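First the proteins, then the strands, lettered A, B, ... as listed; each starts at 1. Computed from a predicted structure; not experimentally measured. The basis for the numbers below is simple: all heavy atoms, side chains too, and nothing from hydrogens, waters or symmetry mates.
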There are 2 protein chains.
Amino acid sequence: MTPEPDAPDTAKRPKPFDPLALDHQLCFALYAAANRVIRLYRDQLEPLGLTYPQYLTLLVLWERDDLLVGEIGEALSLDSGTLTPLLKRLETAGHIVRTRDAADERRVRITLTKQGRALRAKAVNIPESIACEMGLPLETLVQLKQTLTTLAANPS
Amino acid sequence: MTPEPDAPDTAKRPKPFDPLALDHQLCFALYAAANRVIRLYRDQLEPLGLTYPQYLTLLVLWERDDLLVGEIGEALSLDSGTLTPLLKRLETAGHIVRTRDAADERRVRITLTKQGRALRAKAVNIPESIACEMGLPLETLVQLKQTLTTLAANPS
DNA sequence: GCCTTTTATATTGTGCACAATTTAATCGCT
DNA sequence: AGCGATTAAATTGTGCACAATATAAAAGGC
């Protein structure tokens with residue numbers, strides 16, 4: 001099946017490397033993998049009434065409550081254009097409260113409600129469940145996370 | 001710095017593993033890395049007047065022209081709800097043409113215009129440029145792509 | 001104390017991503 | 001041929017993601 005070394009010009013040759021071939025794009029692999037993982041989460045989060053970015057926001061607040069909008073934004077690399085409406089939806093759902101800081105009226109403090117804190121118990125087994133669905137050995141996943149974290153952390 | 005084995009209960013202990021800590025989430029590393037890489041592309045694609053998903057769509061068409069909407073959707077794991085408006089914008093920009101298939105009026109064939117084909121030359125050096133900006137050794141990037149492709153390809 | 005600059009959040013507008021539904025054409029079965 | 005089932009794309013509606021801008025409050029210079 002390999003072409004003869006001295007085949008004539010009309011014979012099949014190995015294709016020249018195509019830098020724009022979809023299969024060669026790390027960016028597409030990353031994009032497709034991210035979309036797929038978010039889809040996996042959707043199924044787990046739908047019973048909790050949460051979207052994936054809302055879940056990430058709650059992860060931040062479950063670790064440290066009473067944060068400014070900007071602090072959440074820094075943790076997730078999101079700006080107020082994304083976070084403001086998202087936080088309003090989490091407030092409408094009863095998971096958080098948004099309060100203007102009395103000492104600095106520009107700031108908005110985000111605090112969990114009792115309901116928001118209680119939601120954590122329903123989410124605690126999601127990561128392991130997703131890791132299973134990914135169908136890759138744990139060792140591979142750990143190394144993958146390490147590489148991705150480096151990639152995400154480089155100067156934006 | 002490690003706590004005494006027989007330290008009293010009030011002494012500092014190593015924190016119990018928190019499965020919901022943001023720093024432990026592969027999903028967040030993936031989400032943040034994907035967002036960052038798309039931001040890197042935005043700077044490169046802006047002069048071409050393309051968004052990142054539009055660029056991916058053109059990658060597919062530069063490899064094989066004259067595809068159905070559904071075939072592009074399968075290549076990119078996107079549905080018509082995403083692709084129909086995106087393709088209409090590419091058509092408005094003059095890069096593609098959308099034509100109802102005469103033999104099967106349900107189908108819409110997507111073909112590149114001359115302008116759409118010409119755009120390829122302006123995009124051909126983007127992947128290498130992005131790879132540099134990522135700031136990771138090529139070896140790492142190759143392996144990362146391999147792992148992500150496996151992750152994205154598992155049954156959805 | 002004013003006035004410019006900076007900071008924190010909100011708003012507006014565009015473009016995905018996707019679920020759910022709709023429309024219309026083709027297929028399959030009798 | 002007739003008709004229910006399937007298929008392909010479009011439409012509708014929600015929720016990000018982000019650029020650009022707006023609003024308003026605080027900080028800093030003079």
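Taking the charged nitrogens against the carboxylate oxygens, B/R98 and B/E91 do have a contact shorter than 4.0 Å, which makes a salt bridge.
Of the listed nucleotides (C/dT9, D/dA9, C/dG15), C/dG15 has the atom at the smallest distance from the side chain of B/R89. Side chain of A/K88, nearest nucleotide from C/dT11, D/dA17, C/dA17: C/dT11.
A donor-acceptor pair under 3.5 Å links the side-chain atoms of B/T113 to the main chain of B/G116, judged by distance alone. Side-chain N or O atoms of A/T57 include one that pairs as donor or acceptor with a backbone N or O of A/P53 at under 3.5 Å. Checked by atom type and distance alone, the side chain of B/T84 pairs as donor or acceptor with a backbone atom of B/S80 at under 3.5 Å. Checked by atom type and distance alone, the side chain of A/Q25 pairs as donor or acceptor with a backbone atom of A/P19 at under 3.5 Å. In this structure a side-chain-to-backbone donor-acceptor pair under 3.5 Å is present from B/R100 to B/R106.
In this structure, the side chains of A/I126 and A/Y55 come closer than 4.5 Å at one or more pairs of heavy atoms. In this structure, A/V97 and A/I110 have side chains that are not in contact, with every pair of non-hydrogen atoms separated by 4.5 Å or more.
Among the protein residues, B/A34 comes within range of no part of the nucleic acid, since none of its heavy atoms lies under 4.0 Å from any strand. Counting any heavy atom pair closer than 4.0 Å across all strands shown, A/R109 reaches no nucleic acid atom. At a threshold of 4.0 angstrom between heavy atoms, the contacts of B/L68 are confined to the sugar-phosphate backbone, with no base atom among them. Within the 4.0 angstrom heavy-atom criterion, only backbone atoms of the sugar-phosphate kind lie near B/R100; the bases stay farther away.
Rounded to a whole Å, the CG atom of A/D101 is 13 Å from the P atom of C/dA10. The distance from atom CZ of A/R39 to atom P of C/dC16 is 17 Å, rounded to the nearest whole Å. Atom CZ of B/R106 and atom P of D/dA5 are 16 Å apart (whole Å). B/L86 has its CG atom 15 Å from the P atom of D/dT11, to the nearest Å. Taking atom CZ of A/R98 as the reference point, atom C1' of C/dT9 lies 9 Å away to the nearest angstrom. C/dA17 atom C1' lies 14 Å from atom CG of B/L87, rounded to whole Å. When the C1' atom of D/dA24 is taken as reference, atom CG of A/D104 falls 11 Å away, rounded to whole Å. Atom CZ in A/R42 sits roughly 11 Å away from atom P in C/dA17 (whole-Å rounding).
Residues from residues 46-66 of chain A placing a heavy atom under 4.0 Å of any atom in DNA chain C do not occur. Near-neighbour residues of DNA chain C inside residues 73-83 of chain A, defined by a heavy atom below 4.0 Å, number-ordered: A/S80, A/G81.
Residue pairs that meet the side-chain hydrogen bond (donor to acceptor under 3.5 Å, both in side chains) test with at least one member in residues 59-76 of chain A, sequence neighbours left out, are A/D66-A/R109.
Each of A/A102 and A/I38 lies near DNA chain D, and the nucleotide nearest A/I38 is the one positioned closer to the 5' end.
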Would A/L30 and B/L144 count as a side chain to side chain contact (heavy atoms under 4.5 Å, CB included) if you check the C-alpha gap in whole Å, the side-chain angles of each, and the deciding distance to 0.1 Å?
CA-CA 9 Å; A/L30 186 54; B/L144 175 60; 5.9 Å; no

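Listed pair B/Y31 / D/dA17 meets the phosphate criterion, a side-chain N or O lying under 4.0 Å from OP1 or OP2.
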